[in-house]
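Here the structure comes first, spelled out in structure tokens, and everything after it is commentary.
In what follows, every heavy atom counts, from backbone to side chain, and hydrogens, waters and symmetry copies are set aside. Counting from 1, the numbers follow the sequence of the chain as shown.
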Amino acid sequence: MAELDGKVAIITGGANGIGLETTKLFLQEGAKVVFTDVNADAGKQVEDELNNQNALFIQQDVGDEAEWEKVVKTTLDQFGTIDILFNNAGIYIIGKIADLTVDTWNKLMRINVLGTFLGLKHVLPVMAENNHGSVINASSIAGIAGSAGHILYGASKGAVRTMTKDAAAEYASKNVRVNSIHPGYIKTGMADYASASLGIPENQLGKIFPLGRLGERIEVAQTVVFLASDKASFITGVELPIDGGFLAQ
């Protein structure tokens, strides 16, 4: 039996990177998936390529509350319930403290923090009414460990880490679980950006992790499937690193 057989999921930032990999794996594991992305062209292209009646794309700006209301309503209209939310959408900005602007701060916080909060606000009550559900919030190793140039990104992912625990405590009595994942550098556009920004060749970037390599997208997606599945039914409020041993150092 597939791990997510018959479950209905919302995945934000689902048209590329980890979100896309997770969308594909969720479908393979039997879920019905509403995947969203701010990039309409990319999202429609993925929807066409998937050609799966259990996959629905919706364009979404996660920082817009009205668009969250639309996504939730459309999911319920189409599939009848919401069992899983993967708050994956986010952006990555590296910059020195003195060089960062308030506009840059507000832009990143709107997507990474407000977007996660709005997902929680609009999906958790649906799950609570059904007395079950699993939310996975994408944080980062930067939400736990400090790093030069990461004050903005780290602040946003630290906020996601703590919001996860707050939501887990608030909704545990409703049998709704909320956990966060904390990837290190994964083979995505974000790793390419970090390599260029930090001046570290990508073949060297993976050496900061004890396992000696970058993570694969599928390794993150498989972890999300586990947390979304009934196999993780007694796990909530946890921060789970996917970091090749980085935080163990």
Side-chain angles (χ1 to χ4, degrees), residues 1-5 7 9-31 33 35-37 42 46 49-50 55 84-92 112 116 134-145 147 150 153-154 156-157 160-161 164 177-195 198 200-249:
M1 181 177 175
E3 295 289 349
L4 305 178
D5 197 35
K7 294 184 183 294
I10 296 173
I11 297 176
T12 65
N16 61 79
I18 291 168
L20 175 56
E21 193 75 27
T22 306
T23 295
K24 291 177 178 178
L25 188 57
F26 269 39
L27 290 167
Q28 291 174 23
E29 293 293 344
V33 181
F35 68 101
T36 78
D37 204 281
V46 169
E49 290 173 354
L50 291 173
I84 303 160
L85 169 64
F86 181 26
N87 267 322
N88 167 70
I91 60 173
Y92 183 31
N112 292 10
T116 298
S134 176
V135 177
I136 302 94
N137 292 326
S139 182
S140 166
I141 56 173
I144 299 175
S147 180
H150 283 70
Y153 186 69
S156 74
K157 293 305 185 177
V160 170
R161 173 193 184 197
T164 297
R177 300 180 296 105
V178 188
N179 295 289
S180 59
I181 58 168
H182 297 258
Y185 285 125
I186 309 298
K187 290 182 182 178
T188 66
M190 287 188 177
D192 295 338
Y193 165 73
S195 176
L198 300 173
I200 302 173
E202 193 165 308
N203 62 355
Q204 297 295 315
L205 193 61
K207 293 186 178 179
I208 70 174
F209 305 110
L211 287 182
R213 63 176 176 84
L214 299 181
E216 301 287 345
R217 299 176 191 184
I218 190 64
E219 292 174 309
V220 180
Q222 288 167 339
T223 305
V224 176
V225 167
F226 168 69
L227 290 173
S229 76
D230 294 338
K231 287 184 176 178
S233 57
F234 203 54
I235 300 175
T236 194
V238 164
E239 54 195 50
L240 181 54
I242 313 170
D243 68 347
F246 181 84
L247 292 172
Q249 297 178 110

Value rounded to 0.5 Å, distance of [atom1] in [X] from [atom2] in [Y]:
{"X": "Glu3", "Y": "Gln28", "atom1": "CD", "atom2": "CD", "answer": "12.5 Å"}
{"X": "Asp243", "Y": "Leu211", "atom1": "CG", "atom2": "CG", "answer": "8.5 Å"}
{"X": "Glu239", "Y": "Lys157", "atom1": "CD", "atom2": "NZ", "answer": "14.0 Å"}
{"X": "Leu50", "Y": "Thr23", "atom1": "CG", "atom2": "OG1", "answer": "7.5 Å"}
{"X": "Asn16", "Y": "Glu21", "atom1": "CG", "atom2": "CD", "answer": "11.5 Å"}
{"X": "Leu247", "Y": "Ile144", "atom1": "CG", "atom2": "CD1", "answer": "5.0 Å"}

Backbone of [Y] reached by a side-chain donor or acceptor of [X] within 3.5 Å:
{"X": "Arg177", "Y": "Leu227", "answer": "yes"}
{"X": "Thr236", "Y": "Val178", "answer": "yes"}
{"X": "Ser195", "Y": "Ile200", "answer": "yes"}
{"X": "Ser139", "Y": "Val160", "answer": "no"}
{"X": "Lys187", "Y": "Asp192", "answer": "no"}
{"X": "Asn88", "Y": "Gly13", "answer": "yes"}
{"X": "Glu29", "Y": "Ala2", "answer": "no"}
{"X": "Asn179", "Y": "Ile136", "answer": "no"}
{"X": "His182", "Y": "Pro241", "answer": "no"}

Problem - ring-ring contact (aromatic ring centres under 6.0 Å, His included): pairs with one or both residues in residues 204-249, sequence neighbours excluded - result: Phe209-Phe246
Practice task
Name all residues meeting the ring pair (Phe, Tyr, Trp, His ring centres under 6.0 Å) criterion together with Tyr92; count only those two or more places apart in sequence or in a different chain, and write none if there are none.
Solution key: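 By the ring pair (Phe, Tyr, Trp, His ring centres under 6.0 Å) rule, Tyr92 matches His150, Tyr153, Tyr193.
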Practice task
Check the pair Thr116 / Asn137 against side-chain hydrogen bond (donor to acceptor under 3.5 Å, both in side chains), numbers first and verdict last.
Solution key: CA-CA 7 Å; Thr116 298; Asn137 292 326; 5.2 Å; no
Practice task
With the side chain counted from C-beta on, respond yes when Ile186 and Leu214 share a heavy-atom pair under 4.5 Å apart, and no when they do not.
Solution key: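 Side-chain contact under 4.5 Å: no.
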Practice task
State, with a plain yes or no, whether a side-chain heavy atom of Ile11 is found less than 4.5 Å away from one of Thr36.
Solution key: no
Practice task
Report the C-alpha distance between Phe26 and Ile84 in whole Å, list the side-chain angles of each, state the deciding distance to 0.1 Å, and finish with yes or no for side chain to side chain contact (heavy atoms under 4.5 Å, CB included).
Solution key: CA-CA 10 Å; Phe26 269 39; Ile84 303 160; 3.8 Å; yes
Problem - side chain to side chain contact (heavy atoms under 4.5 Å, CB included) evaluation trace for Val220 with Ile181 - result: CA-CA 8 Å; Val220 180; Ile181 58 168; 3.8 Å; yes
Exercise for the section: Identify the two heavy atoms, one from Leu205 and one from Ala194, that lie closest to each other, and give their separation to 0.1 Å. Expected result: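 Closest approach of Leu205 to Ala194: CD2-CB, 4.5 Å.
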Handout entry: side chain to side chain contact (heavy atoms under 4.5 Å, CB included) between Ile218 and Leu25, worked out
Key = CA-CA 8 Å; Ile218 190 64; Leu25 188 57; 4.0 Å; yes
Practice task
Check the pair Leu27, Phe35 against side chain to side chain contact (heavy atoms under 4.5 Å, CB included), reporting the backbone distance first and the verdict last.
Solution key: CA-CA 11 Å; Leu27 290 167; Phe35 68 101; over 6 Å; no
Problem - Partner set under side chain to side chain donor-acceptor pair (under 3.5 Å) for Glu202, not counting sequence neighbours - result: none
